[in-house]
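Please read the structure below before turning to the comments.
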Amino acid sequence: MVSITPAKRKEGLTAAEVEASTGMTAVPTATESQRRPPLKKQRTSNLTDQDAAPSSFVEELERLHQQTIPVENPKDVWARAPLPKIDPAKDSIVFQQIDIDDYADQIPDFIDNPYHLGEASILRMYGVTMEGNSVVCHVHGFQNYIYVPAPKDYRPELQDSFIRAMNANITTQRKNQNGSAVVDIDLVMKSSIFGYQPHKVPFLRIYLRLAALMPAAKRLFKEGFHVPGLGRVAIDPTFESNIPFPLRFMIDMKIQGASWVELKAGKYRMRGGSGERRTSTAQLEVDIYCDDVIAHQPEGDWSKIAPLRILSFDIECSGRKGVFPDASIDPVIQIANMVTVQGESRPFVRNVFALKQCANIVGTHLMCFDKEEQLLQAWSKFISAVDPDIIIGYNINGFDFPYLLDRADALHLNDFAFLGRIMGNETKAKDTQFSSKAHGTRNSKAINLEGRLQMDVLQIMQRDHKLRSYTLNAVCAHFLGEQKEDVHHSIISDLQNGNDETRRRLAIYCLKDAYLPQRLIDKLMCVINYMEMARVTGVPFNYLLTRGQQIKVVSQLYRKAKEEDLLIPALEIEGTDEQYEGAIVIEPEKGFYEVPIATLDFTSLYPSIMMAHNLCYSTYVKDLKTAQGMGLVKDKDFKITPNNDIFLNASLRKGLLPTILEDLLAARKRAKNDLKKETDPFKRAVLDGRQLALKVSANSVYGFTGATIGKLPLLAISSSVTAYGREMIEKTKQCVQEKFTVANGYEHDAQVVYGDTDSVMVKFGVSDVASAMKLGTEAAKYVTEQFIRPINLDFEKVYFPYLLINKKRYAGLYWTKPEKHDKMDAKGIETVRRDSCRLVSTVIETCLRKILEDRDTKGAEDYAKGVIADLLQNKIDLSQLVISKALGRSEYTAKQAHNELAERMRKRDAGSAPALGDRVSYIIIKGHKDAAAYEKAEDPIFVLDNNIPIDTKYYLENQLSKPLMRIFEPILGTKANSLLCE
DNA sequence: GAGACTTCCTAA
DNA sequence: TCAGTTAGGAAGTCTC
């Protein structure tokens with residue numbers, strides 16, 4: 001039996017209760033802040049009774065335990081379902097592929113090998129069968145290739161000479177090649193996607209023996225080389241020569257990311273036993289020829305998801321006081337693990353690997369070790385035994401994995417770091433950097449775990465959700481409405497060095513930190529949503545976390561281009577800083593509107609513009625002269641965009657991007673329809689994830705064409721899109737204001753009071769919501785008729801009342817039905833910004849509610865005055881005053897509060913100081929007169945521990961006053977000033 | 001002390 | 001070798 005201990009519960013306050021009793025409640029607050037307890041002082045030494053008290057999490061463990069089927073030995077549940085007997089002659093193998101990589105090796109004898117290659121690139125697909133067996137599949141015979149336009153005098157007879165010349169040059173550049181670089185050349189008829197080409201022209205498809213030779217081949221063409229019989233050959237750009245090899249394979253074989261593949265009986269060969277040598281730890285290892293892999297499109301029955309095993313883990317290490325743990329010194333003392341089958345609600349493995357004895361925990365398999373080396377080795381074996389498909393945790397890429405690897409290294413454990421599915425492949429942490437305009441720069445680490453997906457929940461949160469803080473604590477409070485029970489790192493060592501009970505306490509914390517990432521992933525349905533994104537865009541699952549937005553569009557573009565014999569050039573990016581004009585923002589008629597304001601929106605504006613006007617690389621013509629040269633006639637064959645760019649009409653050639661967008665939007669419509677009919681919650685989740693992925697994908701096509709630091713920028717597309725958009729908004733405004741007039745028999749003259757990019761806000765003059773809705777619907781229909789299909793203006797909602805503060809800043813009650821408003825909506829103002837302190841957002845939010853919902857401006861004023869009084873009397877809890885900002889760069893020209901603080905913190909303890917990309921929290925403390933804000937910023941914990949006085953004047957004058965004035969002024973006029981003078 | 005410039009974050 | 005877009009408010013610092 002699993003060791004059962006009756007939960008030893010000492011009654012005590014929960015952490016939240018303790019916090020609540022110590023915090024001050026000067027601010028009656030909106031929902032979000034109620035979930036967040038006030039900042040509490042962290043104890044840094046001396047264990048108290050409370051430290052031995054078990055947490056309420058034990059109740060959760062007990063619940064999980066009660067659902068567990070008892071087993072003799074907890075390790076018995078680790079292994080996967082046994083592999084059924086397979087007869088390769090009779091049984092097909094069907095699995096969901098989740099990861100793919102490639103390597104170079106000798107091609108086995110039984111594989112068809114027409115070029116008699118020795119060593120060649122081999123693809124390796126990893127996956128899981130519906131029965132839950134893990135699979136590694138070696139795919140042979142697929143050669144990487146690039147295209148170049150055939151040189152003018154190229155003739156098929158020159159092929160051997162051409163290959164020899166390339167080989168001579170490539171092997172001289174790269175020595176260690178075992179065999180020649182170029183395997184074969186095909187002469188094919190294709191055309192470039194980049195600019196309209198009326199005819200296909202000859203291209204050379206050059207097959208490379210090793211995938212890794214692609215950059216060398218590309219470079220060779222760029223630099224030029226001599227071909228006997230042809231002369232000097234220099235070609236730039238080459239085509240399709242910058243795509244990752246596994247993706248190339250998937251595109252050509254029509255395999256979508258995370259989709260199902262089938263290996264027919266008789267077509268594959270099993271490894272192990274008397275067969276080929278096994279190289280992986282997967283249950284089933286097979287070889288197959290590339291053309292024999294059958295790809296199933298992820299639709300209908302093939303939308304299902306295999307019973308993937310998800311391991312969530314967390315480690316604790318024993319640090320020294322005030323110093324961040326250092327793997328060369330500080331031991332790993334506990335590792336907690338939870339293993340769940342995707343789609344099931346309960347982890348079937350819950351265990352802790354602990355250093356030194358530890359009291360039992362209900363429903364938890366405890367493994368205690370005397371030596372750290374034993375602990376680490378046992379955990380490594382546990383990974384192989386459980387054989388997880390997905391490994392999750394919080395900051396596992398940034399901390400847990402690197403720490404474990406460094407620690408194993410420090411202890412000279414030679415057999416620890418083999419955590420992937422390929423035998424002999426050592427797991428290492430490699431520094432990586434990711435930087436983009438949207439997400440800034442961030443350093444992280446890449447961990448190779450061949451065949452196992454990694455989902456670092458921290459990274460997922462940072463990518464997908466804009467939050468004020470990304471600590472596990474803050475994220476759980478936000479999404480799960482519950483707190484992680486925080487153990488300050490300085491007491492971890494004390495707990496470890498205490499007794500069985502204190503170590504038990506620590507283990508419970510550790511377990512909960514392993515459980516929470518799983519809860520988050522489940523709640524946000526990350527696995528399903530990411531899989532659907534991989535399926536929709538066709539990229540391998542792990543690209544979604546390790547790469548940017550562009551690869552997803554590239555994958556779709558390549559797939560569509562291939563169908564039409566179009567080739568994609570590998571442009572050298574020269575990082576131009578040239579910008580193009582974006583969307584229009586209509587000058588707002590600022591003010592407080594106590595009449596309904598109807599909002600009309602263009603649905604999927606940019607995608608619909610690209611579809612309506614056939615904007616694409618393949619329909620683009622550089623200039624009029626070129627168009628005339630091709631005998632094209634304006635209007636009949638092409639149109640000139642408001643940006644003065646030329647694109648063909650769809651009647652002459654339908655663009656690829658419009659086709660991709662139509663497919664995406666049609667697929668979304670299908671998914672949404674299916675969703676309406678579906679009742680099974682699991683299938684519903686899949687469909688919902690799909691429609692979301694389809695929408696996001698459609699919207700990112702425009703951004704891709706405008707990405708000047710990108711794979712295939714064509715600003716003619718992006719700037720024409722925005723130009724059309726600007727024209728449309730202007731026209732919409734004009735249309736509405738001209739049609740809805742007293743002169744035309746309407747009650748009032750309509751007025752467009754604001755509009756941004758794809759929307760206009762209309763005051764029809766009517767005083768009730770129902771009439772505004774009716775007119776809004778009528779206007780949307782009328783305007784839509786003025787545009788080309790599929791452009792569509794939609795009536796979406798009414799704001800009433802509506803407070804229009806400035807461009808991109810407004811608030812109002814949001815109505816979609818005339819009976820009752822749906823919610824209060826705020827855009828751009830302090831309530832939705834992460835860089836204002838919580839005091840400001842809650843005060844503004846509460847004032848807005850009083851003004852908009854209660855229509856009680858006086859109440860709002862009194863409330864604001866009350867808060868100001870509390871602030872000046874120091875009655876506001878510290879947590880309300882924390883300001884946070886992202887540390888966006890390592891060098892700043894101007895001094896910045898958050899950066900100056902980060903630097904000071906680095907001097908105190910480099911390990912725990914904020915890193916590039918992290919959000920830095922700070923409080924403005926009292927300083928000498930005239931001190932700049934950056935001199936007065938301090939770490940909230942430091943302020944609390946050292947009882948440093950707060951600069952309340954700063955919070956009043958620099959944080960509260962202006963936002964308050966901005967919302968009160970449109971209502972009270974200059975009277976608003978009196979608010980602050982008392 | 002005004003205004004240019006830097007930085008962050010949001011709207012769409 | 002990788003990295004989606006522009007518009008725009010607001011706060012703070014720098015410069016003269």
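Chain naming here is simple, since letters A, B, ... match the order of the sequence lines and numbering starts at 1 in each.
The side chain of A/Gln959 lies closest to C/dG12 when the candidates are C/dG12, B/dT6, C/dT13. Here B/dA11 is the nucleotide among C/dT5, B/dA11, C/dA3 with the atom lying nearest to any side-chain atom of A/Lys827. Listed nucleotides: C/dT6, B/dC8, C/dG4. Nearest to the side chain of A/Tyr580: C/dT6. Side-chain proximity of A/Ile551 to C/dG8, B/dC8, C/dA3: nearest is C/dA3. Of the candidate nucleotides C/dT13, C/dT6, C/dA10, C/dT13 has the atom lying nearest to any side-chain atom of A/Lys895. Among B/dC9, B/dA11, C/dA3, the nucleotide with an atom closest to any side-chain atom of A/Lys808 is B/dA11. The side chain of A/Asp756 sits closest to B/dA12 out of C/dA10, B/dA12, C/dT6. If you check B/dC9, C/dA11, B/dC8 against the side chain of A/Tyr892, the one that comes closest is B/dC8. Residue A/Gln549 places its side chain closer to C/dG4 than to any other of B/dA12, C/dG4, B/dC8. Residue A/Gln550 has its side chain nearest to C/dG4 when only C/dG4, C/dT13, C/dG8 are considered.
Relative ring orientation between A/Tyr802 and A/Tyr799 is described as parallel, the plane-to-plane angle staying below 30° on a 0-90° scale split at 30° and 60°.
The side chain of A/Gln579 contributes an N or O atom lying less than 4.0 Å from OP1 or OP2 of C/dT6. In this structure, A/Asn806 does not reach the C/dG8 phosphate: none of its side-chain N or O atoms is under 4.0 Å from OP1 or OP2. Taking 4.0 angstrom as the limit, A/Thr893 places none of its side-chain polar atoms (N or O) nearer than this to OP1 or OP2 of C/dT13. OP1 or OP2 of B/dC8 has not a single side-chain nitrogen or oxygen of A/Arg834 nearer than 4.0 Å. Close to C/dA3, at under 4.0 Å from its OP1 or OP2, lies a side-chain N or O of A/Arg547. Between A/Arg833 and C/dA10 there is no side-chain polar atom (N or O) within less than 4.0 angstrom of OP1 or OP2.
Nucleic acid contact class of A/Ala932 (heavy atoms, under 4.0 Å, all strands): sugar-phosphate only. Among the atoms of the strands shown, only primed sugar atoms or phosphate atoms (P, OP1, OP2) are found under 4.0 Å from some heavy atom of A/Val832. When heavy atoms are screened at a 4.0 angstrom cut-off, A/Ser718 is found touching no nucleic acid atom at all. Among the protein residues, A/Gly703 comes within range of the nucleic acid bases, having at least one heavy atom under 4.0 Å from a base atom. Using a 4.0 Å heavy-atom cutoff across all strands shown, A/Lys711 reaches sugar-phosphate atoms only and no base atom. If you check every strand for non-hydrogen atoms under 4.0 Å, A/Tyr606 touches nothing. Within 4.0 Å of A/Arg442, counting heavy atoms only, lies no atom of the nucleic acid at all. Looking at heavy-atom distances under 4.0 Å, A/Arg966 makes contact with sugar-phosphate atoms alone, never a base. Counting any heavy atom pair closer than 4.0 Å across all strands shown, A/His898 reaches sugar-phosphate atoms only and no base atom. Among the protein residues, A/Tyr954 comes within range of the sugar-phosphate backbone only, with heavy atoms under 4.0 Å from sugar or phosphate atoms but none that close to a base. Residue A/Tyr810 is classed as a sugar-phosphate contact, given heavy-atom separations below 4.0 Å to backbone atoms only. Nucleic acid contact for A/Lys437: sugar-phosphate only, since backbone atoms but no base atoms lie under 4.0 Å from a heavy atom of the residue.
Using a 4.0 Å cut-off between a side-chain N of Lys or Arg and a carboxylate O of Asp or Glu, A/Arg535 and A/Glu532 qualify as a salt bridge. Under the 4.0 Å criterion applied to side-chain N and carboxylate O atoms, A/Glu935 and A/Arg904 are not assigned as salt-bridge partners.
When the C1' atom is compared between B/dA12 and C/dG4, the two are found 14 Å apart, to the nearest whole Å.
A donor and an acceptor atom, one from each side chain of A/Asp464 and A/Tyr530, are located under 3.5 Å apart.
When each of A/Asn242 and A/Glu830 is assigned the nucleotide of DNA chain C with its nearest heavy atom, A/Asn242 is the one assigned upstream, toward the 5' end.
Within the structure, salt bridge (charged side-chain N to carboxylate O under 4.0 Å, His left out) pairs that include any residue of residues 598-616 of chain A do not occur (at least two apart or interchain).
Looking only at side-chain heavy atoms (C-beta outward), A/Tyr892 and A/Leu887 come within less than 4.5 Å of each other.
Remark: of the listed residues A/Ile568, A/Leu656, A/Leu712, A/Leu712 is the sole one forming a side-chain contact (heavy atoms from CB on, under 4.5 Å) with A/Tyr617.
As a whole-Å value, the separation of A/Lys430 NZ from C/dC2 P is 13 Å.
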